[in-house]
Amino acid sequence: MHVPPTDPARSAPPASLRRRRRPKVLGVTAFAAAMLMAVPTTQAAFGSDVRPAAAQEVVGGGDLGPNVLVFDPSTPDIQGKVDEVFRKQESNQFGTDRYALMFKPGTYNDINAQIGFYTSIAGLGLNPDDTTFNGDVTVDAGWFDGNATQNFWRSAENLALNPVNGTNRWAVSQAAPFRRMHVKGGLNLAPDGYGWASGGYIADSKIDGEVGPYSQQQWYTRDSSVGGWGNGVWNMTFSGVEGAPAQSFPEPPYTTLETTPVSREKPFLYLDGDDYKVFVPAKRTNARGTSWGNGTPEGESLPLDQFYVVKPGATAETINAAVDQGLHLLFTPGVYHVDQPIEIDRADTVALGLGLATIIPDNGVTALKVGDVDGVKVAGLLVDAGPVNSETLVEVGSDGASGDHSANPTSLQDVFVRIGGAGPGKATTSIVVNSNDTIIDHTWVWRADHGEGVGWETNRADYGVHVKGDNVLATGLFVEHFNKYDVQWSGENGKTIFYQNEKAYDAPDQAAIQNGDIKGYAAYKVDDSVTTHEGWGMGSYCYFNVNPDIRQQHGFQAPVKPGVKFHDLLVVSLGGKGQYEHVINDIGDPTSGDTTIPSQVVSFP
C-alpha cells in the first residue's frame, strides 16, 4: 500500500515493513579543517591536557571543539558548509562523526539546512525568534529511496523559520526531536512522495500553519501551539497543545490531553552577548502552550565556566572528578568510551550533550548513574551498548531509592539507548529508574533490528525500561524490539503519555518468547503489586518476519484494579507477520490477516 502524492491524507504502508539494506556510508573527509572559520574562539584556556589525572583540578569553560560549528550572518558560504556536513552525514547511519550546527542570533537568508545523521542544528538566542532563517531546516529520505523509517538521531532546536514555499519538511522517525522551534508557516512530517515514516516528537514549539503528518504512523506533540493538524494514521497524541484536534480516538486516532501534568524543557546552550551560557528552564505543572511565547522563559542561566566542556579522549575518571568539584557537564559532539560509570550524585547537576554525543561502556559497566538527589538534568545523549554485557546502561537512583523529589525532579530528555546496529552490543536492562518523581521526556530505547551485530542472541537485551520509582512520568516513550519486556513498571502512580513499540522481529520460534503459560512478553507490563497507574495513546506492533506463525498473547499486561487505567490502546499486526490474540490481558479481539494491516483498539478497564 502506498500513499500517492495526489492523495496525501491516505495511510501509507507500515513503517515496520522496512526494505532492509545496509545504507551506503560516506567516508570522512578533511573538511573539518576548512570549517575553522566557523568554530567559536575560546573564552578561556581549556588546556592542552584533555585527560587530567583525577587529583588535578578540572578546568571549566573553554572552546567547544572542532565539531561545533558556530555561524553568524556574516560567515562566508554558510550554505556550502552546511551542505558539506550533510553530504557526510546523509546516509552515515552507524558512523562515528558527530556535528552541532549553531547559529548566533540574527537573520539568515536563503538557507536550506538539510540535516543528516548525528547532526543537531540550533539557534543561540534565548528565544527562538532571536535566530531567524528565511529558509528551511529539512529532513527528507532521498538517501533511502523515499522511505523515512530510518531517519533517526538528529535534532532541530531554538530557531524561527520562514519556509521558502510556506511549509517546512521534517520527515523523521524515532530519536529526532523538534524542540523550541517557531515555524512561520506549515510543517510537513512526510518525505517527498509521501513514503513511509515512523516518528516522532515535537515539544515547546509554535507552528503557525497546519502540521501535515500524512504517512506518519504515530506522533507525540507536547506543550506547543499549532495552527491545525491534518490527519492521523494510527496514533497521534497531544498534551498541552494549543490548536490540537479534539479527542476522537480511534477515528481519527487522536488522543488529546488539555495539559501536561509535569514538564520541564530541555536545557540549551545560548549566547549572552559574547558569553556562552546554558539556560535551564523551570519546571511547569499543568502546562499548555510554549514556555517562551510570553517573553523570557522562566529558569536560570549557568555560565560556561561552570561546565566541564567534555571532549573526545576524556575519561570517566576525569568526568567524575569534574562533577565532584562542582562542575556541570557539556559533552561536545563525539564518541566517549568509558571503563567505569559516569556518576552524577550532586543535586541540580546538568549533563548536556551536543550533536548526539555518544557514550559507550567498554567492559560491561553501567554507562551513566544518577544519584537519588534532586533536580539532575540529563539531556541530548546517546548511550551505545558495548560488546560485553552491561547489567544496566542508565540508572537513575540506586535500588530502593525513596527520596521525595516532587518539587525538583530529575529529568532524562532526548536520552537515547541503542543495543547493536553500530556493532555488537549487549545489555540486560537499558534504563532503570529507581528515583521517585523522575521525568522521562522523549527517549528511544532500541534493540537494533538492522545494521551490524544484530541477531536474537548476538545483541541480546531482555528489558528496555524498568521503572521502580513512584510518581514517574514518561512523555514520549519509544521502546522497541527487546527479547522480553520492553517496558516493565513496578512503581506506584506512574503515568505514560504516548508509547510506541514494536516487538522483536527476529524471535526464532514460539518457545523463544514463551513467558511461563503466557505467549510472549508484553510490550508494556504493569506489575501485579501496583494499585495506581495511567496511560494515554499507547501502541504496540508485531512483525515476526523470521517466524510469522508466532502468537503474542497481548500487547499490554496490567492488574485489574480501579486505579489502573489505560486510554486509547492500540495493537497492530503488520502484514500478517504474527498475531496479537488480545490488546491488554485477555481483552480485545485478535489481529489477523495475510496482506492487510488489521488493528484492535480498547481502553482499560
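Atom set for the values below is all heavy atoms of this structure, side chains included, hydrogens, waters and symmetry mates excluded. This structure is a prediction, so every number in the text was calculated from the model and none was measured.
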For F498, the ring pair (Phe, Tyr, Trp, His ring centres under 6.0 Å) test, sequence neighbours excluded, returns Y220, F478

Report task. Verify side-chain contact (heavy atoms from CB on, under 4.5 Å) between I202 and L187, making sure each step is shown before the conclusion. Result -> CA-CA 11 Å; I202 294 172; L187 185 64; 3.9 Å; yes

- For W229 and T221, run side-chain contact (heavy atoms from CB on, under 4.5 Å): C-alpha distance rounded to whole Å, both residues' side-chain angles, the deciding distance at 0.1 Å, then the answer. CA-CA 11 Å; W229 194 270; T221 307; 3.7 Å; yes

Under 6.0 Å from the CD atom of Q247, do we count more than 12 heavy atoms belonging to anything else shown? yes

When you measure from the side chain of T392 to the backbone N and O of T366, does any donor-acceptor pair fall under 3.5 Å?
no

Distance col, row H466:NE2 vs I431:CD1, nearest 0.5 angstrom, shows 13.0 Å

Residue set satisfying side-chain contact (heavy atoms from CB on, under 4.5 Å) with P548, at least two apart, ordered chain then number -> K577

Sequence neighbours excluded, the answer for side-chain hydrogen bond (donor to acceptor under 3.5 Å, both in side chains) partners of E492 is T531

Scanning both residues in full, the closest heavy-atom pair of W234 with V572 reads CZ2-CG1, 4.0 Å

- Query: Do R264 and P409 have side chains that get closer than 4.5 Å, going by heavy atoms?
  - Reply: yes

- Query: Is the side chain of K561 donor-acceptor paired with the backbone N or O of H533 at a distance under 3.5 Å, no angle test?
  - Reply: no

Per ring pair (Phe, Tyr, Trp, His ring centres under 6.0 Å), Y505 is matched among W456, Y541, F482, Y543 by Y543

Donor-acceptor check, side chain of N483 to backbone of A461, threshold 3.5 angstrom: yes or no?
yes

Distance col, row N501:CG vs L570:CG, nearest 0.5 angstrom, shows 11.0 Å

Those residues at least two apart in sequence (or on a different chain) that pass side-chain hydrogen bond (donor to acceptor under 3.5 Å, both in side chains) with E157 are K266

By ring pair (Phe, Tyr, Trp, His ring centres under 6.0 Å), F249 pairs with (sequence neighbours left out) none

Do L356 and S120 make a side-chain contact, defined as non-hydrogen atoms from C-beta onward lying under 4.5 Å apart? yes

Here the gap from Q216 atom CD to N231 atom CG, rounded to the nearest 0.5 Å, amounts to 10.0 Å

* To do: State whether the number of non-hydrogen atoms from other residues, nucleotides or ligands found under 6.0 Å of K565 atom NZ is greater than 12.
  => no

ask   = Going by heavy atoms in the side chains, are K377 and V350 under 4.5 Å from each other?
value = yes

- Message: We want to know whether E480 and Q500 form a side-chain donor-acceptor pair, criterion being a heavy-atom distance below 3.5 angstrom.
- Response: yes

All heavy atoms of T256 vs all of A246, minimum pair found to be OG1-C, 3.9 Å

### Message
Keeping T532 on the side-chain end and N493 on the backbone end, is there a donor-acceptor pair under 3.5 Å?
### Response
no

When every non-hydrogen atom of I419 is compared with those of S430, the smallest separation belongs to CD1-OG, 3.2 Å

Carefully, step by step, assess V262 and K495 under the rule side-chain contact (heavy atoms from CB on, under 4.5 Å).
CA-CA 10 Å; V262 180; K495 292 181 175 65; over 6 Å; no

* May I ask you to decide whether D204 forms a salt bridge with R180, counting only side-chain N to carboxylate O separations under 4.0 Å? => yes

> Within the distance-only criterion (no hydrogens, no angle test), does the side chain of N434 pair as donor or acceptor with the backbone N or O of G469 below 3.5 angstrom?
Replying inline: no

Intermediate values then yes/no, side-chain contact (heavy atoms from CB on, under 4.5 Å), T255 and H567: CA-CA 8 Å; T255 298; H567 313 272; 5.6 Å; no

Is the backbone N or O of R346 less than 3.5 Å from a side-chain atom of T349, with the two atoms forming a donor-acceptor pair by type?
yes

| query | Just wondering, do N320 and Q340 contact through their side chains at under 4.5 Å, heavy atoms? | reply | yes

Review point. Can any side-chain N or O of R418 pair as donor or acceptor with the backbone N or O of A448 at less than 3.5 Å?
Key: no

Q. Between N151 (side chain) and S173 (backbone), is there a donor-acceptor pair under 3.5 Å?
A. no

Value for OG1 (T428) from NZ (K426), rounded to nearest 0.5 Å, stands at 10.0 Å

### Message
In the structure I gave you, are the side-chain heavy atoms of D527 and Q488 within less than 4.5 Å of one another anywhere?
### Response
yes

Taken to the nearest 0.5 Å, the spacing of I550 CD1 from K519 NZ works out to 12.0 Å

In terms of heavy-atom contacts, D384 and T358 come closest through CB-CG2, 4.0 Å

- prompt: Parallel, tilted or perpendicular: which fits the ring planes of Y254 and F238, with parallel below 30° and perpendicular above 60°?
  reply: perpendicular

side-chain contact (heavy atoms from CB on, under 4.5 Å) test vs Q553 passes for just one of Q579, E581, Q514, namely E581

In terms of heavy-atom contacts, A558 and N585 come closest through O-ND2, 2.8 Å

Discussion item. Main chain of N436, side chain of N471: is a donor-acceptor contact present, judged purely on distance under 3.5 Å?
Written reply: no

The complete set of ring-ring contact (aromatic ring centres under 6.0 Å, His included) pairs with one or both residues in residues 388-417, sequence neighbours excluded, reads F416-H442

In this structure, OG1 of T443 is separated from CD of Q413 (nearest 0.5 Å) by 11.0 Å

message: A quick test of your reading: do over 12 heavy atoms of other residues, nucleotides or ligands sit less than 6.0 Å from CG of N294?
response: no

Query raised in the report: Are F604 and V583 side-chain neighbours, meaning at least one heavy-atom pair lies under 4.5 Å?
Result: no

- Query: Does any donor atom in the side chain of D372 or S435 lie under 3.5 Å from an acceptor atom in the other side chain?
  - Reply: yes

State, yes or no, whether a side-chain contact exists between I584 and H554 at a heavy-atom distance under 4.5 Å.
no

TODO: For the pair K283 and D437, find out whether any cationic side-chain nitrogen is under 4.0 Å from an anionic carboxylate oxygen.
DONE: no

In short, R551 meets D549 closest at the heavy-atom pair NH1-O, 3.3 Å

For the residue pair Y524 and F566, categorise the inter-ring angle as parallel (less than 30°), tilted (30 to 60°) or perpendicular (more than 60°). perpendicular

inquiry  = So I497 and R222, do their side chains get closer than 4.5 Å, heavy atoms only?
reply    = no

Name the orientation class of the two ring planes belonging to Y485 and Y521 (parallel below 30°, tilted from 30 to 60°, perpendicular beyond 60°). perpendicular

- request: For Q174 and W444, indicate whether the former's side chain and the latter's backbone hold a donor-acceptor pair under 3.5 Å.
  value: no

